[in-house]
A.B. asks: 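Please see the structure below; I have some questions.
On a predicted model such as this, the values are computed, not experimentally measured, just so you know. The sequence lines fix the lettering, A, B, ..., with proteins before strands; numbering per chain opens at 1.
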Number of protein chains: 2
Amino acid sequence: MLALQRATHHTLHALSTALADLRLTAAETNVLANLAAGGALNVSQLSAETGTKPSTLTNVLDRLEDRGYLSRELDVQDRRSFRLTLTKQGTVIADRIGTAITELENRALAGLSPNQLAGFHAALAAFEKAC
Amino acid sequence: MLALQRATHHTLHALSTALADLRLTAAETNVLANLAAGGALNVSQLSAETGTKPSTLTNVLDRLEDRGYLSRELDVQDRRSFRLTLTKQGTVIADRIGTAITELENRALAGLSPNQLAGFHAALAAFEKAC
DNA sequence: TATTGTTATACTCTATAACTATA
DNA sequence: TATAGTTATAGAGTATAACAATA
């Protein structure tokens, strides 16, 4: 578990360095990456994906909305909630994030066998399931 | 990488729940766990282990010292730095943390084969090396 | 001169409780 | 009544730059 935390810390630093010109915090980057990967989520779903409380997300979403990267669109099915959708500009940024993540992953994991990778994914899934 | 972050979030929540009565933050827990695992480190070494800056650690170490869990002992070899050593009380707490971590790991990873576990460790090491 | 660690500062992350609007 | 999300609040995490003490 300590190694897991350490690896996460390191990847966040590396990602932040690779994307320094975007001037995004780790939480902002994480939100954009999750929206790019998961489509138009609402706040609850994003909260579950990122492991943070809705109230924590409010400020992050405010900043991303102010910068024109996403919009809160009232969900016509349930008018208590919003669909969080990336703007054109936000999609461009999110794509850069996705590319940077993929490059980091490829570079870091290049030397591993398919078997080792499968074990890695299985362990992550096991932690998510058990915790 | 998103899954890695998510797994870390989940494990931190689970650990915090298991140790709720200790009233420690994640950073405090992490410091105690690293000192228990690594012996008497100095601030620079702890900074490297935890992935945080020395200035970030100052407040965490202050709180842990105030609570009687660790002491800063002047390093006679290099009087600019401290050896961070757990007190008796701190060792007891750190042992509980270590036990809780081991239990969580055992529970989460119980279903995995030695091969899968090996792949997991290899991937973590690869991320630390590349990032 | 360089390094270790702290202090001062500013901003972000985080959660809880209270609240509004909707279901 | 219950749920989605925000607001208000308070505390903790985070880094940078300036600093003191030591190497």
A.B. asks: Look at R79(A) and dG5(D) and indicate whether a side-chain polar atom (N or O) is within less than 4.0 Å of OP1 or OP2.
C.D. replies: no
A.B. asks: Want to settle it: does V76(B) or K53(B) sit nearer the 5' end of DNA chain D, counting the closest nucleotide to each?
C.D. replies: K53(B)
A.B. asks: Can you tell me how far apart CD (E49(B)) and CG (N34(B)) are? Round to the nearest 0.5 Å.
C.D. replies: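 Spacing of CD (E49(B)) from CG (N34(B)) equals 5.5 Å.
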A.B. asks: Find the distance between CD1 (I101(B)) and OG1 (T11(B)) and round it off to the nearest 0.5 Å.
C.D. replies: 9.0 Å
A.B. asks: Which nucleotide sits closest to the side chain of A27(B): dA23(C), dT14(D), dG13(D)?
C.D. replies: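 Comparing dA23(C), dT14(D), dG13(D) against the side chain of A27(B), the answer is dG13(D).
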A.B. asks: For T56(B), report the nucleic acid contact type (base, sugar-phosphate, nothing); a contact means any heavy atom under 4.0 Å.
C.D. replies: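 Counting heavy atoms under 4.0 Å across all strands, the contact made by T56(B) includes a base.
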A.B. asks: Please determine whether a side-chain nitrogen or oxygen atom of H9(A) lies at a distance below 4.0 Å from atom OP1 or OP2 of dG13(D).
C.D. replies: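 Checking H9(A) against dG13(D): no side-chain N or O falls below 4.0 Å of OP1 or OP2.
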A.B. asks: May I have the distance from L74(A) (atom CG) to dA4(D) (atom C1'), rounded to whole angstrom?
C.D. replies: 11 Å
A.B. asks: Should L84(A) and E73(A) count as side-chain neighbours, where that means a heavy-atom distance under 4.5 Å?
C.D. replies: no
A.B. asks: Where is the tightest heavy-atom contact between H9(A) and T50(B), given as atom of each residue plus distance?
C.D. replies: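 Result for this residue pair: ND1-O, 3.0 Å.
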A.B. asks: Return no unless some side-chain N or O of T25(A) is found under 4.0 Å from OP1 or OP2 of dC11(C).
C.D. replies: no
A.B. asks: Do T8(B) and H13(B) make a side-chain contact, defined as non-hydrogen atoms from C-beta onward lying under 4.5 Å apart?
C.D. replies: no
A.B. asks: Which nucleotide in the set dA15(C), dT22(D), dG13(D) lies at the smallest distance from any side-chain heavy atom of T52(A)?
C.D. replies: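 For T52(A), the side-chain atoms sit closest to dA15(C).
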A.B. asks: Round to a whole Å and report the spacing from CZ of R23(B) to P of dT14(C).
C.D. replies: 20 Å
A.B. asks: Please check the phosphate of dA15(C) (OP1 and OP2 only) for any side-chain N or O of H13(B) closer than 4.0 Å.
C.D. replies: yes
A.B. asks: Does R96(A) come within less than 4.0 Å of D21(A), counting only side-chain N to carboxylate O?
C.D. replies: yes
A.B. asks: Side chain of S55(A) only, please: which of dA17(D), dA23(D), dA8(D) is the nearest?
C.D. replies: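 The nucleotide sitting nearest to the side chain is dA8(D).
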A.B. asks: Report the distance from atom CZ of R83(B) to atom P of dT4(C), rounded to the nearest whole Å.
C.D. replies: 16 Å
A.B. asks: For the pair made of CG in D66(B) and P in dA12(D), what is the distance, rounded to whole Å?
C.D. replies: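 Computing the D66(B):CG to dA12(D):P distance gives 12 Å.
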A.B. asks: So how far is it from L64(B) CG to S71(B) OG, rounded to the nearest 0.5 Å?
C.D. replies: 11.5 Å
A.B. asks: So if I take every side-chain heavy atom of R80(B) and compare against dA2(C), dT6(D), dA4(D), which nucleotide ends up nearest?
C.D. replies: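 Side chain of R80(B) sits closest to dA2(C).
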A.B. asks: To the nearest Å, give me how far apart CG (D75(B)) and C1' (dA21(D)) are.
C.D. replies: 14 Å
A.B. asks: Take atom CG of L61(B) and atom P of dT4(C), then tell me their distance rounded to the nearest Å.
C.D. replies: 16 Å
A.B. asks: Output the rounded distance in Å from CG (N59(A)) to P (dG11(D)).
C.D. replies: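 Rounded to whole Å, this separation is 18 Å.
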A.B. asks: Look at all strands and tell whether D78(B) reaches a base, only sugar-phosphate, or nothing, counting heavy atoms closer than 4.0 Å.
C.D. replies: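 The answer is sugar-phosphate, as D78(B) gets under 4.0 Å only of primed atoms, P, OP1 or OP2.
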A.B. asks: Grab the CD-P distance between E28(A) and dC11(C) for me, whole Å please.
C.D. replies: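 To the nearest whole Å, that distance equals 14 Å.
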A.B. asks: With the threshold set at 4.0 Å, does a side-chain nitrogen-carboxylate oxygen contact exist between R67(A) and D62(A)?
C.D. replies: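 Result for this pair is no, no salt bridge flagged.
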A.B. asks: Within residues 34-49 of chain A, find the residues that approach DNA chain D with a heavy atom at under 4.0 Å, and present them sorted by residue number.
C.D. replies: N42(A), V43(A), S44(A)
A.B. asks: Heavy atoms from C-beta onward define the side chain here; which of dT6(C), dG13(D), dC13(C) lies closest to that of F82(B)?
C.D. replies: dT6(C)
A.B. asks: Could you tell me whether T58(B) contacts a base, only the sugar-phosphate backbone, or nothing, with contacts defined as non-hydrogen atoms closer than 4.0 Å?
C.D. replies: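 Result for T58(B) = base.
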A.B. asks: Using a cut-off of strictly less than 4.0 Å, decide whether R63(A) has a side-chain nitrogen or oxygen near OP1 or OP2 of dC13(C).
C.D. replies: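 Yes, such a contact exists.
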